[in-house]
*Asks:* 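Can you keep this structure in mind? I'll have questions shortly.
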There are 2 protein chains.
Amino acid sequence: MATVNSYTRIMPTPDRTSLPAIVDAACSLLESEGLPGLTMQAVADRVGVRAPSLYKRVQGRDELLRLVAEATLTALGSRLGGSETVSELAKGFREFGHERPVAFQLVMTPGAGSPVARDEFGAVASEPTLRIAASLAGEEHALDAARMLTAWATGFVSMELNGNFRLGGDVEEAWEFGVTRLAAALAAR
Amino acid sequence: MATVNSYTRIMPTPDRTSLPAIVDAACSLLESEGLPGLTMQAVADRVGVRAPSLYKRVQGRDELLRLVAEATLTALGSRLGGSETVSELAKGFREFGHERPVAFQLVMTPGAGSPVARDEFGAVASEPTLRIAASLAGEEHALDAARMLTAWATGFVSMELNGNFRLGGDVEEAWEFGVTRLAAALAAR
DNA sequence: ACCTGAACACCGTTCAAGT
DNA sequence: ACCTGAACACCGTTCAAGT
């Protein structure tokens, strides 16, 4: 039958998965199983194909990790987008870290060897911070101020997530102390 | 011959390596090959035994990583010990990160799944920071101030090492900006 | 008592063969 | 054109067998 024939010629095997499905599965696995649990095998199982099939859509695990990092940066950027004050911005940043600790660390403090997101994704994620830094410290100090703010918040949340606050005291209070003093420091002239 | 007999009974095979030698080799490999390059095989090669022999001295790769992290914290603590000002302390911290980037990140921003140094090693490393924070912000704010300082410095150096300052500008200036404003912020009352 | 070869389970990745 | 089984190199780890 001609119909079957041309059909099989045009579409010998229908797609059984897609790149977005693969990245979604990887994001989900990353958070539920941790970075070591994000294996090609596990991703393949999630999307319903065999591991070698993934290589039709991604070059390898490193590229997949990069795509996960970029998706995370996009989510972070839109999460911070509506912020209007430093404390609001910092709070959203911290909450994001608590909600998606593994992805947060993959993006903000990846170990050596991990892939780096392409520039445009980092730029989008840092736009809200730059905007608020500028309004606080002035345009001429916007970049320095944004870097100070991001560095502090990244370090704080990272230490929190890694359980590095082990000398007692109130971590919540330490956060408030930091936000308050930082806002004052950035506004200083 | 009785001599040979008792000798072989007491010391059937002489030790061909030691725990310090293994940890040293691991520290060196970590920095030269990166975390993925720190394999049991590579460590075994360095110290001149086969990989299975390492398990006579360490429980596994995770414990070895923990010992490396603890050795790094000890080195960091003695490096910062002599500091007398915030900028001096911060500078030493940053230099340490530049000299041993992989070990620095293993200790300060390990990914999930990596082992955590035992409390006493973290306490020793943070003592100099606590001391200077207290002198600046007063005893009642020492812990909060130390956490603010450590978070900022950790985040800054981590972002530097990961190439996360990609919006142009002068990174050196951003560091100076941060140290200056931070010192002022901590001293504020 | 320490060391080793052999083995196991599990990775990422490649590729020829299927449809 | 996509998918798969089989294979390869390389991990961490275990263990019986050597000395």
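The chains referred to below are lettered A, B, ... by the order of the sequence lines, with proteins before strands, and numbering in each begins at 1. Both backbone and side-chain heavy atoms feed into the values below; hydrogens, waters and symmetry mates do not.
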*Asks:* Which of these nucleotides, dC11(C), dC3(D), dT13(D), is closest to any side-chain atom of Thr39(A)?
*Replies:*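 Looking only at side-chain atoms, Thr39(A) lies closest to dC11(C).
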*Asks:* Using atom types as modelled and distance alone, determine if a side-chain donor or acceptor of Asn162(B) lies under 3.5 Å from a backbone N or O of Asn164(B).
*Replies:*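 No; zero donor-acceptor contacts below 3.5 Å.
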*Asks:* Take the protein atom CG of Asp62(A) and the nucleotide atom C1' of dG12(C), then report the distance between them rounded to whole Å.
*Replies:*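 Between C1' of dG12(C) and CG of Asp62(A): 10 Å.
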*Asks:* What stem regions, each of at least 3 consecutive Watson-Crick or G-U pairs below 3.5 Å, can be found for DNA chain C?
*Replies:*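 Correct response: C:4-8 with D:12-16, C:12-16 with D:4-8.
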*Asks:* Roughly how many Å is it from CD in Gln41(B) to C1' in dA6(C), rounded to a whole number?
*Replies:* 14 Å
*Asks:* Students often get this wrong, so: under 4.0 angstrom with heavy atoms, is Ser18(A) touching a base, only sugar-phosphate, or nothing?
*Replies:* nothing
*Asks:* Decide, yes or no, whether a salt bridge links Glu176(B) with Lys91(B) under the criterion of side-chain N to carboxylate O below 4.0 Å.
*Replies:* no
*Asks:* Taking all non-hydrogen atoms of both residues, which atom of Arg118(B) and which atom of Leu67(B) are closest, and how far apart?
*Replies:* NH2-CD2, 4.1 Å
*Asks:* Any residue in residues 46-60 of chain B with a heavy atom nearer than 4.0 angstrom to DNA chain D? Just list them by number, or reply none.
*Replies:* Pro52(B), Tyr55(B), Gly60(B)
*Asks:* Given atom CG of Asp45(A) and atom C1' of dC11(C), what is their separation to the nearest angstrom?
*Replies:*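 Interatomic distance, CG of Asp45(A) to C1' of dC11(C): 14 Å.
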*Asks:* Taking Arg61(A) for the side chain and Leu38(A) for the main chain, is one N or O donor matched with an acceptor at less than 3.5 Å?
*Replies:* yes
*Asks:* What pairs of residues pass the side-chain hydrogen bond (donor to acceptor under 3.5 Å, both in side chains) test when at least one of them lies in residues 26-52 of chain B, not counting sequence neighbours?
*Replies:*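 Sorted result for residues 26-52 of chain B: Ser28(B)-Arg46(B).
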*Asks:* Rounded to the nearest Å, what distance is computed from the CE atom of residue Met40(A) to the P atom of nucleotide dG5(D)?
*Replies:* 16 Å
*Asks:* By the side-chain hydrogen bond (donor to acceptor under 3.5 Å, both in side chains) test, which pairs, at least two apart or in different chains, include something from residues 119-146 of chain B?
*Replies:*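 Matches after skipping sequence neighbours: Arg166(A)-Asp119(B).
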*Asks:* Under a 4.0 Å N-O cut-off, is there an ion pair linking Lys56(A) with Asp15(A)?
*Replies:*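 No, no charged N to carboxylate O under 4.0 Å.
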*Asks:* From CG of Leu65(B) over to P of dT13(D), roughly how many Å is that when rounded to an integer?
*Replies:*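 Atom-to-atom, Leu65(B) to dT13(D), this comes out as 10 Å.
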*Asks:* Without decimals, in angstroms, what is the distance between Ile22(A) CD1 and dC2(D) P?
*Replies:* 11 Å
*Asks:* Arg66(A): what forms a side chain to side chain donor-acceptor pair (under 3.5 Å) with it, not counting sequence neighbours?
*Replies:* Glu70(A)
*Asks:* Once side chain to side chain contact (heavy atoms under 4.5 Å, CB included) is applied, do any residues pair with Asp24(B), and if so which ones, sequence neighbours excluded?
*Replies:*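 For Asp24(B), no residue satisfies side chain to side chain contact (heavy atoms under 4.5 Å, CB included) once neighbours in sequence are set aside.
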